[in-house]
Amino acid sequence: MDKTFENTKKLNWRGLICEYGEFLPVTPGARVITLGEGATPLVHAPHLSQIKGADVYLKFEGANPTGSFKDRGMTLAITKAVEAGSSAVVCASTGNTSASAAAYAAKAGLACIVLIPAGYIALGKLAQALIYGAKVVQIRGNFDRALEIVRELGDSKPVTVVNSINPYRIEGQKTGAFEVVDQLGDAPDYHFIPVGNAGNITAYWRGYNEYLKAGISTRLPRMMGVQAAGAAPIVLGHPVVNPDTVATAIRIGNPASWSGALGAKDESGGEIFAVSDEEILSAYRLLARYESIFCEPASAASVAGLLKTPVDPGSSVVCVLTGNGLKDPDTAISQIEVPTAVDADLDAISAALGL
Ligand SMILES: *Cc1c(COP(=O)(O)O)cnc(C)c1O
């Protein structure tokens with residue numbers, strides 16, 4: 001094949017709705033709101049593979065247009081909001097949903113309102129929501145309270161809710177599973193994923209099942225959901241009133257898709273379990289240092305979960321790294337020793353380097 005043609009084909013990704021439209025509830029001829037999301041790297045992880053005696057892959061969702069997997073659901077949610085004639089969207093967010101909603105709403109020409117828990121959102125995410133032009137309200141309350149208010153706004157005002165209680169979000173997000181199968185040739189043995197509001201584990205499980213039904217894959221993975229110990233309602237079996245974890249993206253005490261997460265676990269023979277903040281931060285540093293992937297703390301929960309779970313020798317493992325580390329530089333800086341400035345001369349620099 002002509003090389004130029006091959007490259008054109010590879011670079012001609014049109015976004016999830018066009019690429020996976022036959023699996024999505026899209027209306028023919030509808031205006032598609034896309035930023036070219038999806039087709040994220042599935043990176044082989046040699047260091048983790050060696051530790052676990054398995055074939056470990058990392059799906060780096062931080063490579064999406066706004067830096068998290070939330071773009072997969074948002075392209076469809078906003079496309080449907082436009083189709084329905086909506087003029088404004090609203091969401092509660094631990095940060096990434098608001099960044100994504102703000103970007104796709106701006107693309108569509110819709111107003112965007114976001115409610116965030118004051119003081120508990122990574123700086124990069126807040127910056128994104130603001131620069132894309134969303135109307136941001138910081139509330140004195142946590143994510144769970146913000147979501148309650150958003151539900152009330154959706155019921156009483158002419159706005160479309162784009163949290164994952166909007167069914168199009170989960171529909172769009174299931175394409176992550178399609179890509180894993182398209183890239184590996186079949187479903188993996190294990191799928192590790194952070195669990196906050198539990199929309200994403202629900203979505204991946206649906207995606208794997210739809211590909212099996214369509215005859216594109218031949219098997220299903222065990223779904224391994226990982227919560228932060230301070231925000232582990234599904235593990236505990238009851239809501240957590242004051243969830244707390246360094247992984248702010250999964251700092252959620254009463255997940256909207258609780259039953260979806262339990263369904264994924266039970267039907268797949270998987271597990272939902274908790275990891276400590278220390279385990280999360282240790283995985284976070286390991287990923288950057290040994291696998292060259294800078295993800296956010298919540299994302300590292302999936303790898304923290306893998307590190308403490310025995311897997312069958314030689315099995316294939318996918319860990320979803322849900323968001324980009326650049327969103328939360330404060331946590332990164334807190335994990336390293338920041339070098340002090342030295343004089344700009346060779347001797348001072350040599351001394352500082354111990355050369
Ligand atoms: C939203 C989010 C999660 C949690 O996903 P849920 O669908 O809420 O379970 C995990 N990591 C990151 C980076 C997120 O933005």
Side-chain angles (χ1 to χ4, degrees), residues 37 40 58-64 66-74 77 91-101 103 114 116-117 120-122 124-126 128-129 143-144 146-147 162-167 169-174 176-177 191-207 223-228 231-235 243 245-262 264-265 272 274-275 280 283-284 287 293-305 319-328 331:
E37 60 293 318
T40 55
L58 305 169
K59 183 134 181 81
F60 186 44
E61 291 290 278
N64 275 299
T66 78
S68 86
F69 76 84
K70 298 297 198 299
D71 294 344
R72 296 184 181 276
M74 209 54 75
C91 66
S93 181
T94 58
N96 282 332
T97 298
S98 61
S100 186
V114 306
I116 57 173
Y120 288 96
I121 152 163
K125 303 176 188 179
L126 181 60
Q128 284 181 290
F143 171 84
D144 301 289
L147 185 56
V162 293
N163 278 104
S164 56
I165 52 176
N166 177 325
R169 284 278 309 282
I170 290 180
E171 277 295 298
Q173 284 171 208
K174 74 187 180 188
H191 181 97
F192 285 80
I193 184 166
V195 175
N197 217 18
N200 212 25
I201 188 171
T202 305
Y204 266 91
W205 183 235
R206 188 183 297 173
M223 299 299 289
M224 311 295 281
V226 189
Q227 297 205 288
I234 300 177
V235 178
T245 167
V246 66
T248 51
I250 52 173
R251 187 175 170 272
I252 291 174
N254 192 11
S257 296
W258 195 314
S259 63
L262 288 181
K265 172 188 85 111
I272 296 180
V275 293
I280 288 173
Y284 170 78
L287 281 164
I293 294 191
F294 183 27
C295 63
E296 57 177 289
S299 311
S302 61
V303 170
C319 297
V320 183
L321 299 180
T322 44
N324 197 306
L326 289 170
K327 285 170 173 278
D328 187 3
T331 299

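Whatever order the structure lists them in is the order used to number ligands and atoms, beginning at 1.
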Measure and list all N/O to N/O distances between ligand 1 and the protein that fall under 3.5 angstrom.
unit_1: ligand 1; atom_1: 7 (O); unit_2: G199; atom_2: N; d: 3.2
unit_1: ligand 1; atom_1: 7 (O); unit_2: N200; atom_2: N; d: 2.8
unit_1: ligand 1; atom_1: 8 (O); unit_2: N197; atom_2: N; d: 2.8
unit_1: ligand 1; atom_1: 9 (O); unit_2: G196; atom_2: N; d: 2.8
unit_1: ligand 1; atom_1: 9 (O); unit_2: N197; atom_2: N; d: 3.3
unit_1: ligand 1; atom_1: 9 (O); unit_2: A198; atom_2: N; d: 2.8
unit_1: ligand 1; atom_1: 11 (N); unit_2: T322; atom_2: OG1; d: 2.7
unit_1: ligand 1; atom_1: 15 (O); unit_2: K70; atom_2: NZ; d: 2.6
unit_1: ligand 1; atom_1: 15 (O); unit_2: N96; atom_2: ND2; d: 2.7

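- Considering only residues two or more places apart in sequence or on other chains, E296 meets the salt bridge (Lys or Arg N to Asp or Glu O under 4.0 Å) condition with K125.
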For side-chain contact (heavy atoms from CB on, under 4.5 Å), just list the numbers for T94 and Y120, CA-CA rounded to whole Å, side-chain angles, deciding distance to a tenth of an Å, and then say yes or no.
-> CA-CA 7 Å; T94 58; Y120 288 96; over 6 Å; no

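- Within the 3.5 Å criterion, the main-chain N or O of A122 finds no donor-acceptor partner in the side chain of D328.
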What do the steps show when you test E61 against K70 for salt bridge (charged side-chain N to carboxylate O under 4.0 Å, His left out), and what is the final call?
-> CA-CA 9 Å; E61 291 290 278; K70 298 297 198 299; over 6 Å; no

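- Not counting sequence neighbours, N324 has no partner by the side-chain hydrogen bond (donor to acceptor under 3.5 Å, both in side chains) test.
- Partners of F192 according to the ring-ring contact (aromatic ring centres under 6.0 Å, His included) rule, which considers only residues two or more places apart in sequence or in another chain, do not exist here.
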